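All values reported here derive from a predicted model rather than from experimental measurement. Lettering of chains follows the sequences in order, A, B, ..., and the numbering in each one begins at 1. Side chains are part of it too, since the values below use all heavy atoms of this structure and drop only hydrogens, waters and symmetry mates.
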Amino acid sequence: MSDQQMDPRADKTADKKTYKKTLNLPKSAFPMKANLVQNEPASLKRWEKMGLYQKLREQDHANPRGRYVFHDGPPYANGSIHLGHLLNKVLKDFVVRTKTMAGYDVPYVPGWDCHGLPIEHKVMQELGDKARDMQPIQVRRKCKTSAEKFVKLQSGQMKRLLTLADYADPYLTMNPGYEGAVLEVFADLVERGVVYRGLKPVHWSIENQTALAEAELEYYDRDDTSVFVKFDRVDGRGSLMIWTTTPWTLPANLAVAVHERHDYGEYDLNGQTVIVAVELAKKVLKTDAEPKKTYKGSELVGLEYKHPFIDRVSKVVSADYVTLEDGTGLVHTAPGHGVDDYQTGLREGLDVYCPVRDDGTFDDTAPDWLQGINVWKANDLVVDKLRESGHLFHAEQFTHSYPHDWRGKSPVIFRATEQWFVSVCKEFKHDRDPEGLKSKSFIERSLNEIGFDRDNPQTDAQHEIIEAEARYQREAQEEYSRGETRPLAEKEKRQFFKELGPELQWTRAEGVRFIPKWGRNRMRGMLESRPDWCLSRQRSWGLPIPAFYPPEGVEGEPLLTPASTHAVAKLFREKGSDAWFVAPPEELLTHYDLANDKDAPVWVKSCGLGKLVPGADIFDVWFESGSSWNAVMLQRGLAKPDDASSVTDLYLEGSDQHRGWFQLSLLPCLGSQGKPPFGAVLTHGFMVAKDGRKMSKSGGNALDVDVLFKDFGADVCRWWVSGLNTDNDIKVDLEFFRLAGEEYRKVRNTIKFLLSNLDGFNFKKDKTRFEEDDAASIDAWMTHEIIKVSDTVQAAYDGFQFRKAHEALFNFCNETLSAVYLTAVKDRLYCDAPDSPRRRRTQSTIYRAATTLIRLLAPLMPHTADEAWRALMGDQESCVHLLPFQDVDCMRQIPVSPNWQAVMQARDLWLKSIEEARQAQGIDNPLDCGVRVPTIKDVACSSFDSTDLADLCGVSRFAFDDSLDAVAVDDLRDEPRCERSWKRDVTVKPRSDGGTLSDRDAKALGLT
RNA sequence: GGGCUCAUAGCUCAGUUGGCAGAGCGCACCCCUGAUAAGGGUGAGGUCGCAGGUUCAAGUCCUGCUGGGCCCA
């Protein structure tokens, strides 16, 4: 052989000319370039045209596991969808699609929250001064138009995300049927006796003149004047020093609270005697002086003092929320202006006095110099007044976190108003309770239903339950091990709990499943501290609270009974809640049978329905969305059977909804149904910027979802979501979408390569049976890798661990297929005769890999999977989304050598040695290498095919050699090289066509 | 201020009951040019947020601190 021929490049030029056309090179119509921006909308149209959602509902036979009841929480119908929606909706779609492919029927109704302040606020702003003269009904029509507009916009964006849902018939909280269903839930609560009307300080938005729920507040820092004020003792022996950051609430001061166990001292202040907590004296009075006299807080209780500028005498009371962290240890108490104050007032029998009107100005019970003055302006006036009269000790600017109206961003105040409440402490009975169970409150019920941590029981009942469960499980296991098929222990267990009485039966509830687990503790903490639910709002855009008040001159409690509520519910179903604002009261009560309503207040009968005054309050929107389990799932017949332990299987929202939708769905549902609305609660974290800090719409670091669709496509966005750890914060950056795009291309290219090697292959006709002898073949190994990835991914899907599925799928494409298997089998695919058994066996394996992989990917990238599926089937009409996951059980029968793991592990070492040897010996092309390796310990190395192993190492020759204790790499450059396969092989020799070929290649070409 | 939660390689994250710090991406070097706006190989990299404690042994358990996030006050 001449030097010329030994030059590799000379070889190549010659080979190219001669044999390229004789190879079975990959060929496919599935393009490398995805062009998602154009092709995804086409997929959407195709699915819509074929009625994919409906088709899935109809194919009962394909849903062997029954129904999976998943309920969509309604986003607010305002604005464009943002990244949070994208994350939430995509995760939900993963659930819908994975459960569907796992064999469940998963009807999924998307919904929107349409009522509420944000929309009304925006509409009012747009209307400007015109709004003043408008009737509520007119404002409502504008709001409805606005909600409809955004439902349409968001619905389009969600479809563009390729989510599978009943978009033809979504639920809107403003629809008449929905409104009626909410009132029916409310009627149930009225029936339980937990709805009451009361005066109570609530967060009050002066800007919007409405009470706000906790969920409608945002906390920002605010500068206020804080004052230290001296309240003179009635006995003339000095004064009490109090501190407040809201001087405007001083006119409503009705008490001073101290902690009974704290120490208080009398101090001299410029000749005057003042009382402050000992621990705070130095800080407040700036003095090191010792107190002249000390008291326990309990000794001060009952002490009388004079209001500094109102002719009123009040007393010192005790309260255990008094702390020594700031202030003076003596707390100004105004029951009309604070929750703690209110509680104290209730206990001490104080008035819930609130001299502030709806618009934030003082009424005529206030001192004349404050009447008509806005509370924020009053701050200065009060401070001046105190200074003039000598009651002010000190005033300073103070920055503190203060609640603001979540939309208007204006500061809110605490103000006592008449509101409708749901009591969370009042006990009631429910039909579903175990017989004999004593009445339970909402808090007790909800804490019980969210279950307890079985690893960390708290109460005696919980300990008892765990012990009993463990005991019976042990016994049952023993019975099983004795060969018992129906252990007695199961039966005994049931009997045991029955005999333990209703309390324990009730406590035994398995409880709601929380994913991640800590959701339970989080919800528990929130439930334990939750106050009564204030249901009423003083706005127009919402569902009216169906209460009727007596007309002028008639005294009595409002009419709000289960029967009257059901009657209004029926009317709303027919006419919508607009009727409340236009129809006369007798029409609103068309379906009401007053004569038979034993709950109706007496005044109603003498007064007559026509004179009733419909109330102006509407519901907290959370009550509407919190009733969706009824308005959507029960009403549409989608809920779990009546005897199930929850209404639905799963709710899935951001972790903020522990306090929001989850909790506010749990309460109404427990009241109405006596069981929780959800069997499991899955939460995800929030999007934060790259630096881990909060993303803000105004901060400019938010990404526009429409731009993402345009720049990356939905499948890439979805692939990004599938790779996230969604338990906690999720970092977002444009760069991450680019990286997801890179990964997507890798997956796509792997699929393309699979498909392109199946050109001309017909699985039914050409598939190969595996024989026992094939157990050590690379195809047998690959087949079991397919089973492995299928099992892993389906288990991950089952546990909502999409990240794990994502990782397994990516590694399968990148490592198992691309780097190992496909690289190894390229030679036989290209060079073997097209219908050689070895090539057909590999193609059969590739086909199995393709069908399994594409189906597993379908929930994550529905467009790409569908595109690939149609290419694989060669049928534009087929649709992967109508199919379940690939059944891999038939592949499990295929024999496989147990030694593959050891061989694959050894391969890493072999590759390393080859790399080192190539460097050392100056061999560029691994095909110019042959390797000899020591036999692997405990492995029957001889059963492996040396060609398979050579291909797995990318070399021309492979042999096990017992005499070696390290890998030996041989330089084969002196051996002849096959001009077709480019391998160095001992069978290479001149052939009848004039070329130099190996036996295999000569045979493939029919040469001798 | 309180409840829940997070902090591991440049980036995104795994790390089961305490037992020799892992993956992917990116990067560097090399190969292939018959997956080609592809494909393959090898390699570099970390005081596991900080400070204490328990232990033969701590990324892992405990306490405190710092800095994020959600919810509340």
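Comparing V688(A) and N814(A) by the nucleotide of RNA chain B whose heavy atom lies nearest to each, the residue mapping closer to the 5' end is N814(A). Nearest-nucleotide positions on RNA chain B place Q919(A) closer to the 5' end than the other of Q919(A) and S655(A).
Contact check, Y830(A) against rA35(B): a side-chain N or O comes under 4.0 Å of OP1 or OP2. Residue K20(A) places none of its side-chain N or O atoms closer than 4.0 Å to OP1 or OP2 of rU33(B). Considering only side-chain N and O atoms, K804(A) lies nowhere under 4.0 angstrom from the phosphate OP1 or OP2 of rC13(B). Neither OP1 nor OP2 of rG34(B) sits under 4.0 Å from any side-chain N or O of K826(A). Considering only side-chain N and O atoms, R693(A) lies under 4.0 angstrom from the phosphate OP1 or OP2 of rG68(B).
Side chain T750(A) to base rA35(B): no donor-acceptor pair is found below 3.5 Å. With hydrogens and angles left out, the side chain of R803(A) and the base of rC13(B) share no donor-acceptor pair within 3.5 Å.
Side-chain N/O atoms of H337(A) and T246(A) include no donor and acceptor closer than 3.5 Å.
Here the rule is salt bridge (Lys or Arg N to Asp or Glu O under 4.0 Å) with R980(A), and of D827(A), D985(A), D1001(A) only D1001(A) fits it.
For the P atoms, the distance from rG39(B) to rG26(B) is 10 Å, rounded to whole Å. Rounded to whole Å, the P atom of rA58(B) lies 28 Å from the corresponding atom of rG67(B).
Using a 4.0 Å heavy-atom distance criterion, K746(A) is classed as a sugar-phosphate-only contact. As judged by a 4.0 angstrom heavy-atom cut-off over every strand, N749(A) is placed among the base-contacting residues.
Under a 3.5 Å cut-off, the side chain of Y797(A) and the backbone N or O of L856(A) do form a donor-acceptor pair.
In this structure, W910(A) has its ring center under 6.0 Å from that of F958(A).
Relative ring orientation between H85(A) and H82(A) is described as tilted, the plane-to-plane angle lying within the 30° to 60° band.
For the contact set between residues 716-729 of chain A and RNA chain B, defined by any heavy atom under 4.0 Å, the members are N725(A), N728(A), D729(A).
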